[in-house]
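What follows is a single structure, written as structure tokens, with notes after it.
In what follows, chains carry the letters A, B, and so on, assigned in the order in which the sequence lines appear, proteins first and then strands, with residues in each chain numbered from 1. Just so it is clear, the structure is predicted and the values come from calculations on it, not from any experiment.
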There are 2 protein chains.
Amino acid sequence: MAFKTDFNDKQIQILQVAEILFAEKGFDGTSIRNIAKEAKINIAMVSYYFGSKERLLESLIFYRTKDLKIQIENLLVENLDPIAKINKLIEIYINKINCNKGIFRILHFEVATKKKELNIKSFYELRKSNLKSLEAIINEGQDKGVFRKDISIPLITPTILGTFFHFHMNKEYFMNLLQLNTEDLYNNYINVNLTKHIQQTIKALLIYES
Amino acid sequence: MAFKTDFNDKQIQILQVAEILFAEKGFDGTSIRNIAKEAKINIAMVSYYFGSKERLLESLIFYRTKDLKIQIENLLVENLDPIAKINKLIEIYINKINCNKGIFRILHFEVATKKKELNIKSFYELRKSNLKSLEAIINEGQDKGVFRKDISIPLITPTILGTFFHFHMNKEYFMNLLQLNTEDLYNNYINVNLTKHIQQTIKALLIYES
DNA sequence: AATTAAATTAAACAAGTGTTTAATTTAAAC
DNA sequence: GTTTAAATTAAACACTTGTTTAATTTAATT
């Protein structure tokens with residue numbers, strides 16, 4: 001079976017259940033029987049539609065990341081000053097990932113351990129493309145004399161995404177620490193405080209002269 | 001069997017092998033037979049010494065994190081200006097984690113999925129203690145008028161650790177992107193460039209006035 | 001309506017899982 | 001040297017794993 005790029009309703013149903021379970025219990029921690037039971041299908045259907053459990057994961061990654069690239073590229077041509085563009089980029093990132101916590105958690109987890117075998121080429125391309133967009137924005141700011149010039153651009157992304165992920169990976173700890181007792185309070189903290197913190201951090205890094 | 005806080009040579013041998021394998025293939029991806037084979041012991045020895053696979057992980061976390069607290073606390077009483085203290089704190093963090101990649105990777109991975117059942121109380125205490133130390137350093141800088149006062153201190157740690165982890169979790173991607181073709185080049189990049197980037201970022205965040 | 005293809009199923013497969021048992025070897029205590 | 005405890009072993013246990021098979025049902029095509 002070749003790697004499919006479009007999926008029918010049944011396949012999407014399986015992908016959605018798999019996303020939830022993989023995110024919750026990890027790839028190895030989730031069995032095909034778990035998925036089948038939750039999706040109310042026969043256990044043979046996963047192999048039938050995707051070939052194997054591994055290929056199911058590959059399909060899932062493709063399914064969820066295919067439209068992220070465009071969103072970033074659209075930002076590039078918008079008529080905003082460099083700082084506003086960076087702020088909006090961060091907003092887009094956080095919001096996109098926060099609304100798709102499942103797949104990004106899986107990527108964060110599994111790509112690190114399964115990378116040798118997985119078909120993550122398209123994912124690599126996505127990242128390089130996003131990096132190029134970020135580079136374009138920062139160069140624009142440097143040309144206008146707003147940003148400093150001795151910035152390691154490839155390390156900006158780790159600071160943006162890393163801060164978010166570290167926060168989210170330790171959800172329970174921070175909910176406890178910051179007294180975010182409901183899911184709403186937690187999400188609100190991400191969208192307001194955490195986003196602001198990251199924007200503030202990157203802004204300071206880009207502008208500050210020692 | 002009660003939770004043991006000191007380990008004999010054989011137990012340490014098992015813990016070391018488990019650390020490598022858990023870090024490499026994840027907790028669920030590693031079987032007791034894998035560990036037994038690698039450590040050249042009988043498969044029953046893990047249950048004999050630790051009670052279960054789960055308890056082995058708990059023991060491992062305890063074994064590797066028990067001495068981190070002191071290191072941070074010692075920094076507190078050193079006679080350095082606030083910026084230097086923060087820089088050294090970051091250096092300690094990165095170096096400590098970088099030299100113990102295994103266990104921190106495991107923590108990063110497994111605490112997020114296994115948190116309900118795991119005995120990570122001591123780990124929680126460690127984090128809260130470290131946060132207090134950071135708070136003390138920043139307050140000192142604020143009192144001296146060097147740091148700004150509208151800083152979200154609990155979000156500093158996610159930025160420091162998150163940046164590092166995101167970089168390290170995507171090791172292959174960054175080795176490729178930055179042309180770090182050997183293990184030495186990679187480690188050197190962490191100790192020089194990445195550490196500097198994080199120090200620069202936090203410094204800018206703490207000092208910058210908009 | 002008959003034929004062909006796709007979808008779905010229960011059952012079986014072989015291999016791997018964590019853990020326990022009971023027997024044996026090694027070491028320690030007396 | 002004998003007794004007692006600890007360490008180690010191979011084997012078995014019951015159960016779960018991903019995948020495949022062959023039979024059956026459903027849908028589409030002619």
With sequence neighbours left out, what residues match [X] under salt bridge (charged side-chain N to carboxylate O under 4.0 Å, His left out)?
{"X": "B:Lys96", "answer": "B:Asp67"}
{"X": "B:Arg64", "answer": "B:Glu19"}
{"X": "A:Asp9", "answer": "none"}

Can you give each donor-acceptor pair under 3.5 Å made by side-chain atoms of residues 174-186 of chain B, sequence neighbours left out, with the distance rounded to 0.1 Å?
from	atom 1	to	atom 2	distance (Å)
B:Gln179	NE2	B:Asn176	O	3.4
B:Thr182	OG1	B:Leu185	N	3.1
B:Glu183	OE2	B:Lys171	NZ	2.4

*For the side-chain contact (heavy atoms from CB on, under 4.5 Å) test, which of A:Ile86, A:Ile138, A:Leu89 pairs with A:Ile202?*
A:Ile86

Spacing of [X] atom [atom1] relative to [N] atom [atom2], expressed in whole Å:
{"X": "A:Lys37", "N": "D:dT17", "atom1": "NZ", "atom2": "C1'", "value": "16 Å"}
{"X": "B:Ile32", "N": "D:dA14", "atom1": "CD1", "atom2": "C1'", "value": "15 Å"}
{"X": "A:Asp9", "N": "C:dA6", "atom1": "CG", "atom2": "C1'", "value": "15 Å"}
{"X": "A:Lys53", "N": "D:dG18", "atom1": "NZ", "atom2": "P", "value": "4 Å"}

*Would you please name every residue forming a side-chain hydrogen bond (donor to acceptor under 3.5 Å, both in side chains) with A:Asn95, sequence neighbours left out?*
none

*Using the C1' atoms of the five pairs at each end, what is the angle between the end axes of the helix from C:dA1-D:dT30 to C:dC30-D:dG1, to 10°?*
10°

_According to side-chain contact (heavy atoms from CB on, under 4.5 Å), who are the partners of B:Gln199, at least two apart in sequence or on a separate chain?_
B:Asn87, B:Ile90, B:Glu91, B:Thr195

_Where protein sits on nucleotides 7-14 of chain C, one letter per nucleotide: B base, S sugar-phosphate only, - none, heavy atoms under 4.0 Å_ = BBBBBB--

Under 3.5 Å, sequence neighbours excluded: what are the donor-acceptor pairs made by side chains of residues 152-168 of chain B?
from	atom 1	to	atom 2	distance (Å)
B:Thr159	OG1	A:Thr163	OG1	3.2
B:Thr159	OG1	A:His197	NE2	2.8
B:Thr159	OG1	B:Leu155	O	3.3
B:Thr163	OG1	A:Thr159	OG1	3.2
B:Thr163	OG1	B:Thr159	O	2.6

*Is A:Ser31 near enough to D:dT17 that one of its side-chain N or O atoms lies under 4.0 angstrom from OP1 or OP2?*
yes

